[in-house]
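Source: prediction; values computed, not measured. No hydrogens, no waters, no symmetry mates; every other heavy atom, side chains included, goes into these values. Start at 1 and go down the list; that is how both ligands and their atoms are numbered.
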Amino acid sequence: MEDIQCIFCNRSSDRIVIVENGYTGRKCPQCGLIFISPRPTLAKILNLYGHDQTVVSARSHISAAFSKRLYAKHNVRIIKKFIKTGSMLEIGAGAGYFLDEARKEGFEVYANELNTILANYIEKVLAIPCESSPLDISLFNGKKFDIIYHCNVLSHLYNPVVEFQKINDKLKKNGLVVFQTGNLGDVKEKYFKFISKFMYPDHLFFFSEDNLRELLRRTGFEFVKIHRYSILPQLMFSKMARKVMNFVKSKARAKNLDQHNPTEVPSFNVPHAHNNAVHFKQFIKNAYSCILYLIRYKIGYVIPKKQRPQTVIVVARRTN
Ligand SMILES: [Zn+2]
């Protein structure tokens with residue numbers, strides 16, 4: 001663990017705004033960046049990914065196919081407004097569903113994923129070329145790309161400025177970097193209570209919109225477009241849904257305890273009933289994903305967003 005300073009202003013901060021899992025997030029008084037300090041070492045962070053010890057496991061990435069594809073299609077549509085076809089690299093590709101959707105739309109896709117379980121899934125199941133060492137100019141035999149994409153990866157980067165310089169190096173001339181991230185550096189602290197997990201220590205930095213512009217300016221990019229979506233309605237809805245689910249689960253547990261009868265003869269219909277229950281559970285999960293999607297991208301697009309939690313999609317062009 002090492003004490004660090006704001007990566008933009010080179011100053012330390014005593015203003016602790018997040019405490020989670022034994023880690024503290026400090027807000028830079030000058031630019032609003034929230035940075036974890038003390039920060040775990042790079043070796044420890046790489047170990048999290050290499051051994052599937054991150055807050056979100058490989059299994060949950062793979063099983064979230066329905067919702068991941070839904071969100072992927074939305075972002076592929078945004079990219080298509082700027083470039084219709086070309087080679088695309090995704091950094092932190094997860095289970096690869098975004099790239100699979102992008103391939104259906106005509107892009108030539110490549111993945112970079114540190115988690116070896118996910119990297120294996122991307123290569124073997126989705127048949128997408130994947131390399132699992134950290135981003136470097138030598139990946140894919142030094143190939144350069146038309147588009148580099150990442151979604152909810154920026155906050156995980158150990159040194160965002162260095163990583164964006166590498167992204168710049170891996171892009172062709174006038175290539176695009178497209179990424180989705182949050183705006184926590186801009187958010188009033190009264191809204192922090194709606195965020196159930198800050199995912200420390202997976203997340204290391206939370207940016208404001210000015211921080212994103214500064215990051216791009218310093219690493220040779222021209223800001224092209226930002227799409228902003230308020231996620232406050234989604235966070236409030238999820239919080240309510242979690243409460244309802246916990247209530248239902250506790251009722252079900254109480255009922256099971258009441259009805260438990262050790263002499264009961266097992267029913268031959270159990271596997272069939274079990275299958276139905278699994279399908280029903282999946283149906284409910286998918287319906288829930290659709291509702292969250294609509295709340296985020298339809299309602300979240302039109303309601304007030306200033307100083308409230310947002311997800312933003314940024315498009316920037318390589319200029320040097
Ligand atoms: Zn700062």
Side-chain angles (χ1 to χ4, degrees), residues 1-42 44-45 91-92 134-135 148 150-169 177-195 197-232 305-320:
M1 300 271 273
E2 48 173 351
D3 288 321
I4 65 162
Q5 300 180 317
C6 172
I7 55 169
F8 298 116
C9 314
N10 297 322
R11 55 186 291 177
S12 45
S13 172
D14 294 330
R15 196 157 158 233
I16 294 174
V17 290
I18 299 170
V19 177
E20 190 181 271
N21 298 334
Y23 296 90
T24 50
R26 296 163 192 270
K27 192 171 174 98
C28 172
Q30 198 165 317
C31 73
L33 181 78
I34 299 171
F35 54 98
I36 200 168
S37 180
R39 177 176 60 180
T41 60
L42 181 59
K44 185 173 176 190
I45 291 164
I91 301 166
L135 181 67
I148 295 184
H150 51 89
C151 180
N152 298 330
V153 161
L154 176 57
S155 288
H156 297 249
L157 299 177
Y158 184 78
N159 190 333
V161 173
V162 169
E163 293 304 316
F164 265 67
Q165 279 160 349
K166 287 183 193 167
I167 290 173
N168 189 307
D169 288 344
V177 61
V178 181
F179 61 96
Q180 181 161 7
T181 189
N183 72 327
L184 205 69
D186 283 325
V187 175
K188 276 194 176 168
E189 280 158 52
K190 68 172 181 178
Y191 295 113
F192 282 25
K193 64 173 181 283
F194 292 105
I195 297 164
K197 272 189 236 165
F198 291 93
M199 290 174 45
Y200 275 176
D202 296 14
H203 287 156
L204 303 170
F205 297 98
F206 293 115
F207 296 77
S208 68
E209 197 176 309
D210 283 347
N211 292 153
L212 297 179
R213 289 176 190 266
E214 180 61 14
L215 173 65
L216 291 165
R217 192 191 63 77
R218 286 193 188 188
T219 52
F221 289 98
E222 156 195 37
F223 204 89
V224 176
K225 177 89 185 167
I226 182 164
H227 293 261
R228 304 180 188 87
Y229 307 88
S230 172
I231 56 166
L232 192 58
K305 298 184 263 290
K306 215 167 174 4
Q307 297 186 319
R308 293 176 175 198
Q310 298 171 19
T311 184
V312 299
I313 300 169
V314 177
V315 181
R317 183 171 282 113
R318 183 189 153 167
T319 52
N320 65 0

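- With a 4.5 Å cut-off on side-chain heavy atoms, L216 and F179 count as touching.
- Between Y23 and H203, a ring centre-to-centre spacing not shorter than 6.0 Å is recorded.
- For the Zn ion (ligand 1), protein N, O or S atoms closer than 2.8 Å were enumerated as C6 SG, C9 SG, C28 SG, C31 SG, with waters left out.
- Within the 4.5 Å cutoff, the side chain of Y229 has heavy atoms near those of the I313 side chain.
- Considering CD of E209 and CG of N183, their distance stands at 8.0 Å, rounded to 0.5 Å.
- With sequence neighbours left out, R218 forms a salt bridge (Lys or Arg N to Asp or Glu O under 4.0 Å) with E214.
- Taken to the nearest 0.5 Å, the CD atom of Q307 stands 7.5 Å off from the CG atom of D186.
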